[in-house]
Every structure is written in C-alpha cells, then in structure tokens.
Amino acid sequence: MMEELKQLLGSRKIKDNISELQQHSEDESSHEAALPDAVCYPDSKEDIQAIMNFASKYKTPVVCFGIGSGLEGQAIPVAGGVVLNFSNMKHIVDFSPEDMTVTVEPGITRTELNQKLNKTGLQFPIDPGADASIGGMTATNASGTTAVKYGSMRDQILDMEIVLADGRVIHTGSHAKKSSSGYHLSGLFCGSEGTLGVVTEITLRVHGIPESTEAARCTFTTIDECTNAAYQVLLHDIAVHRMELVDKASITQVNGFGDYNFPEENSLFLECAGSETEVKAQMNKIQEIMREAGCKQWDTASSTEERNHLWKARHEMSTAFRHQYGKGYFGTDICVPMSALPEMVHVARELLDESGLTGGILGHVGDGNFHTLIAYDKENKQEVAAAAHLNEQLVYRALALKGTCTGEHGVGLGKKQYQYHEHGEAVNVMKSMKNLLDPKNILNPGKIFE
C-alpha cells in the first residue's frame, strides 16, 4: 500500500525510515509512543485530498502532526497508519490588514506568524507557551497566558478550509466578523483534534499591538491569598492582559532550572496593555487591590527586557518540572468558574501535599484555568498510582464545581475517561457527528472517545 502512496504523491513526500517514524511517534505528554507506518509531507490541499482518498480506500488511519508540543497525546498514532507533517505548509495565504484578518496554512507557528504581522503593527495574541503550529493550536482550541483578554483559538477563527475523510473540501465560515448563517461549523471543528477533518487553511482575527505594556510581580504568604487577590482584580472589572498564579514550589523549581532569582513565595504575575494613561491607571488600581489582599512585595517590570524575563520564567516552569532526571511528569488542566477558583486551588495544594509527590501549581487564573504539575518516579509503582489518583481527584472535584477536565490542552488520550462524566448524553451526539463525517473511523482514531 505504501508503494502506491509513494507513486501517488512522489517518494520525496513519503518517509518510512525508522528515525522518521520515531520522531512522529510521541508528543510532549507522558503517554506511550506508537510508531506510524509512514510520514507524509503534503505541499497542498490537493496532496491532502489524495492522501484522504487513499486512506478511505484502504481504511488507513490518518493523524495530523504540527511540531509535537501537545500534552495529551493527540498526535500519537496509536493505530498506526499515516502521519501528516505540515512543515511544508507554512504559507500566509492572504493578509488583509485593513480587515485585520490573516489566512494561513496549518504548519506556520505562532512566532513565525507574528514575525510577519508585527512589522505592520498587528499581532496574533494567543500564547500557549510553546511555539506551537497554528494548525495544532486550532486542533486543541489552545489558549494560554493572554486568554483572560483575548479568549481561546475558537474566539479568533473566522473560517477554516477542511478536507473531510472522503476527500471533500468545505469552508466553515467567512471573512466577516460575525454571522448568523447556518450551523457554527468553525466552533465544531476547532478543538476536534483532527478527528473530523484535516484543516488546510485557517482565517484568523488579528489585533493591534498595544501602545504601552507594563507587568508586575507580587508575592503573598499563602496560595489562598494569591487566588483571592486575583479574584478581587476580576471583580473590579480591570482589563488585565495576563494574570498568572505561580506557587512557591514552582518559583523554587524555576530558580534552580534557569537564570532567575525570584523571591520564593506564592506569586501573581500580572500585565496590563493599552494606552499609556490607561495602563498606569490600571496598574495603580491593581497595586492597591494587592496591598489590601495582603501582598508582601510588589515589583514592576516596565522595560521590554524585564517583561520578557518575567514571562520567559513563567513559560519555563513546566519545563523545569518536566526535565528532572528519572522523573515522569504530567500536568492537570482543569478550569472552573471564577467564583470556585480559590476553593479549587486550595484543594489542589492540599491534595498535592497529601500525595507526597513533588509538584507545583500555576495557571491562567484570570480565566479560571490552572495546572497542577506533578513529578513522580517512573519506576515506582506507588508514585505512578498516586499521580494518577491525584489527577482523577482534581478532575472530579472540578466537574462537581461545574468546571471542565481540560481548559486548553484538549482531550486526546489523557481525558477520554472523563468525557461521559462531564458531558453525559452529549457524548453520544458527538459520536454521531464523528460517525457522519468519518464513518470508516480513519481520522485520528482512539482520541477523545473510543
């Protein structure tokens, strides 16, 4: 079969040597690797149509691969088959600064996109930390540190071009800023993790680069004071650009990992952006709220260098836990209503302490999403079981508080077992959609649900 595929696309676009297969057998998650049968490097929509027609004919699984930065195993080809690597599809198809939209192919990363946009005074603001591909971010409905202001990928997408399992090509929207026409297909396909179709183009909203940006770091004695302070900022309806919770353990870990010397205290990292007058007024108000909430130390970061240093540290915290010799790692990804956030973070810290495992708590508390980072000895069955139990406890507590098992990482392999508990009968509706669009179950089988 693979010889037929090579004849169809040309041998240059098909790789099946062992090193290539191994590179596409895993992502950044702790889930077990699985080798595909081949890796395809399509150049165009027509290539993908040809691949899907081939896959449909032979019932061959097709899995999409961006840069492999996923955290829930979405890109792991658990059923073998063909992996689509989009590194040859990185073009900006259309850029309309007057409409503040851009259409891109799925392989371009957010940094590569912003290098082009920033020259015109515009930006694509969604920042999940990793320099993920736009296609991968679309597949998982990614968000990140700026979600408190800009929302998630689903809020940025106006239209997608998608190749379906049978080779048909559809568009899910238009370039208009809003529409009441038809079903909201963009919302359906964004976050579907490659299980419903292969995205070949994404049309995005872009935003102006703010005139002024200022960041600050403040410390608290307890993590409860941290979360309460963050909640008070939101209650005062201050339009923060970023607001990140970082507990004492995470600060300690990143200080030892990189070139940092932050006070090892429970902390909030904050940022405001807008006009200079607006930013100063917001930061003054936030500082006042922080002091009333028990802030021990307040340090501003006004220069670009200082801000970059602050956010670089924030993005490296999960890496600092992940890259410990001999340790397994995973991070929870729960999201709860804002009023439940203080309780949920408190419970997470208690459960982590009770487990005896090494870990920290950090996250985008401005939108109720946070991560419990858990490190464990991969060779110790008790620690492996304790880590899995801790994750399960946190998920079920979040669901009891009307939250979700994943705020931004997606379902993939890691959150499948919680789908019925969270969605109930709606899971069967999702399965019906899957069966309608992919009756042969060739698009990323084994993900989201069985």
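The minimum heavy-atom distance linking Phe321 with Ala375 is given by the pair O-CB, 4.4 Å. Between Ala216 and Leu310, the closest heavy-atom pair is O-CD2, 4.1 Å. Residues Leu443 and Met52 come closest through the heavy atom pair CD2-CE, 3.7 Å. In terms of heavy atoms, Asp159 sits closest to Gly173 at OD1-N, 2.8 Å. Here the closest non-hydrogen pair linking Ile76 and Lys447 is O-NZ, 2.6 Å. Here the shortest heavy-atom pairing between Ile157 and Cys190 reads CD1-SG, 3.8 Å.
With a 4.5 Å cut-off on side-chain heavy atoms, Leu394 and Thr372 count as touching. Residues Phe86 and Val199 have side chains not in contact (no heavy-atom distance under 4.5 Å, counting atoms from C-beta outward). Between Asn391 and Tyr396 the shortest side-chain heavy-atom distance does not fall below 4.5 Å. At least one side-chain heavy atom of Thr213 sits less than 4.5 Å from a side-chain heavy atom of Arg307. In this structure, the side chains of Phe95 and Leu117 come closer than 4.5 Å at one or more pairs of heavy atoms. At least one side-chain heavy atom of Glu278 sits less than 4.5 Å from a side-chain heavy atom of Gln282. Contact annotation: the side chain of Leu341 never approaches that of Tyr231 to less than 4.5 Å [non-hydrogen atoms, C-beta and beyond]. Annotation: side chain of Met89 is in contact with side chain of Ile48 (closest heavy-atom distance under 4.5 Å).
No side-chain donor-acceptor contact under 3.5 Å links Ser56 to the backbone of Asn53. Although no hydrogens or angles enter the test, the distance criterion places no donor-acceptor pair under 3.5 Å between the side chain of Thr404 and the main chain of Gly407. Here the side chain of Asn228 pairs no donor or acceptor atom with the backbone of Pro342 at under 3.5 angstrom. A side-chain donor-acceptor contact under 3.5 Å links Glu112 to the backbone of Thr109. A donor-acceptor pair under 3.5 Å is formed between the side chain of Lys416 and the backbone N or O of Gly446. In this structure, the side chain of Thr138 engages the main chain of Ile134 through a donor-acceptor pair within 3.5 Å. Put simply, the side chain of Glu161 never gets that close to the backbone of Val169: no donor and acceptor are under 3.5 Å apart. The backbone N or O of Gly208 lies less than 3.5 Å from a partner atom in the side chain of Gln123, making a donor-acceptor pair. Of the possible donor and acceptor atoms, one in the side chain of Gln253 sits under 3.5 Å from a partner among the backbone N and O of Ala320. When atom types are taken as modelled, the side chain of Asp438 and the backbone of Lys434 share no donor-acceptor pair closer than 3.5 angstrom.
For CZ of Arg205, the number of neighbouring non-hydrogen atoms (other residues, nucleotides, ligands) closer than 6.0 Å is greater than 12. Counted within 6.0 Å of NE2 on His389, heavy atoms from surrounding residues, nucleotides or ligands total 12 or fewer; the atom is thus considered open. Heavy atoms from other residues, nucleotides or ligands lying under 6.0 Å from NE2 of His421 number more than 12.
One side chain, Ser29 or Asp27, offers a donor N or O that lies under 3.5 Å from an acceptor on the other. A donor-acceptor contact under 3.5 angstrom links the side chains of Glu408 and Ser143, judged on distance only. A donor-acceptor pair shorter than 3.5 Å cannot be found between the side chains of Tyr150 and Asp127.
Note that Lys431 lies in the cation-pi zone of Phe449, set by a 6.0 Å cut-off to the ring centre and a 45° limit from the axis.
Ring-centre distance between Phe124 and His207: not below the 6.0 Å cut-off.
Classification of Arg242 and Glu271 as a salt-bridged pair holds, one side-chain N sitting under 4.0 Å from a carboxylate O. A salt bridge links Arg314 to Glu244: at least one charged side-chain nitrogen sits closer than 4.0 Å to a carboxylate oxygen.
Applying the side chain to side chain donor-acceptor pair (under 3.5 Å) rule to pairs touching residues 173-185 yields His175-Thr203, sequence neighbours excluded.
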Donor-acceptor pairs are to be reported for all side-chain atoms of residues 30-40 against protein atoms at under 3.5 Å, with residues two or more places apart or in another chain.
residue, atom, partner, partner atom, Å
Asp37, OD2, Gly81, N, 2.8

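The aromatic rings of His371 and His364 lie perpendicular to each other, with more than 60° between the two planes, well past the 30° mark.
When the options Thr140, Thr195, Ile448 are evaluated for a side chain to side chain contact (heavy atoms under 4.5 Å, CB included) with Val411, the one that passes is Ile448.
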